[in-house]
Amino acid sequence: MGVGMEARTSHLVVGVLALLIISCVPALMFWSANSTTQNLVEHYIRFRNSVAGLNVGSDILFGGIPIGHVTAVRIDPQDSSLARVDVSVDGAVPISSDSKATMERHAISGDVLIDISRGGGTRSRRLEPGEEIPAGYSQFQQLLLGLQEMPAKVDLLIDRASAFFNAPNVAMAEQI
């Protein structure tokens with residue numbers, strides 16, 4: 001009789017522990033879900049250039065560190081020449097008024113993502129939730145913009161050279 005009583009007691013203890021574990025799993029899942037969504041804040045970015053390849057769910061990086069994702073990509077309602085990208089990011093991340101959001105292509109996967117620079121200069125302030133993160137240009141875009149400006153700079157150089165090689169200057173150079 002003592003052995004049967006011990007077996008029943010151990011089955012009872014195992015059953016109580018199993019019920020305790022089973023009842024804790026939903027509570028842990030609920031707590032985990034709330035702890036990750038409580039810190040998310042919304043911002044938006046307006047890009048003048050193309051946002052091709054950027055999708056809802058694309059990653060948002062802060063100096064290379066993942067901090068959130070894209071929640072919407074659409075035409076800006078205030079200026080149809082701009083693309084508006086809504087983002088949801090970790091509210092603990094110190095995004096400054098002088099931070100710049102640039103579109104980058106992930107080197108390995110080729111996916112398009114947004115990288116936000118750290119900013120934090122002496123005159124900057126931390127952005128409040130819902131504020132716009134200023135857009136910047138990626139290094140590739142800066143190169144393309146520089147190439148677009150090249151013909152105007154060449155024209156300016158030719159104009160200045162023509163002004164220098166006028167008749168009086170040429171005559172002086174021949175005398176020397």
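If you're wondering where the values come from, they're calculated on a predicted model, not measured in any experiment.
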I'd like to know if the side chain of H43 reaches the main chain of E131, judged simply by a donor and an acceptor atom lying under 3.5 Å from each other, with no hydrogens or angles considered.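 Such a contact is found between H43 side chain and E131 backbone.
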If Ile, Leu, Val, Met, Phe, Trp and Tyr residues are connected whenever their side-chain heavy atoms lie under 4.5 Å apart, and connections chain through other members, are [X] and [Y] in the same group?
{"X": "L82", "Y": "V85", "result": "no"}
{"X": "F62", "Y": "L113", "result": "no"}
{"X": "I45", "Y": "V93", "result": "yes"}
{"X": "V112", "Y": "V89", "result": "yes"}
{"X": "I60", "Y": "V73", "result": "yes"}

Quick check for you: to the nearest 0.5 Å, what is the distance between [X] atom [atom1] and [Y] atom [atom2]?
{"X": "H69", "Y": "D59", "atom1": "NE2", "atom2": "CG", "value": "9.5 Å"}
{"X": "T71", "Y": "E42", "atom1": "OG1", "atom2": "CD", "value": "5.0 Å"}
{"X": "D90", "Y": "I65", "atom1": "CG", "atom2": "CD1", "value": "11.0 Å"}
{"X": "I133", "Y": "L127", "atom1": "CD1", "atom2": "CG", "value": "6.5 Å"}
{"X": "Y44", "Y": "E132", "atom1": "OH", "atom2": "CD", "value": "4.5 Å"}
{"X": "S88", "Y": "L40", "atom1": "OG", "atom2": "CG", "value": "4.0 Å"}

For [X], all residues meeting side chain to side chain contact (heavy atoms under 4.5 Å, CB included), sequence neighbours excluded:
{"X": "S58", "result": "L54, N55, V70"}
{"X": "R126", "result": "P94"}
{"X": "D98", "result": "S96, S124"}

List the atom pairs, with distances to 0.1 Å, where a side-chain N or O of residues 114-123 and a protein N or O form a donor-acceptor pair under 3.5 Å, not counting sequence neighbours.
unit_1 : atom_1 : unit_2 : atom_2 : d
D115   : OD1    : G63    : N      : 3.2
D115   : OD1    : G64    : N      : 3.4
S117   : OG     : K100   : N      : 2.8

Between Q78 and R46, does any side-chain donor sit less than 3.5 Å from a side-chain acceptor?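 A donor-acceptor contact under 3.5 Å links the two side chains.
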Side chain to side chain donor-acceptor pair (under 3.5 Å) against D79, all qualifying residues, sequence neighbours excluded: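 Result, side chain to side chain donor-acceptor pair (under 3.5 Å) vs D79: S81.
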Restricting to pairs with a member in residues 161-176, which pass salt bridge (charged side-chain N to carboxylate O under 4.0 Å, His left out), not counting sequence neighbours?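 Salt bridge (charged side-chain N to carboxylate O under 4.0 Å, His left out) check on residues 161-176 returns no pairs.
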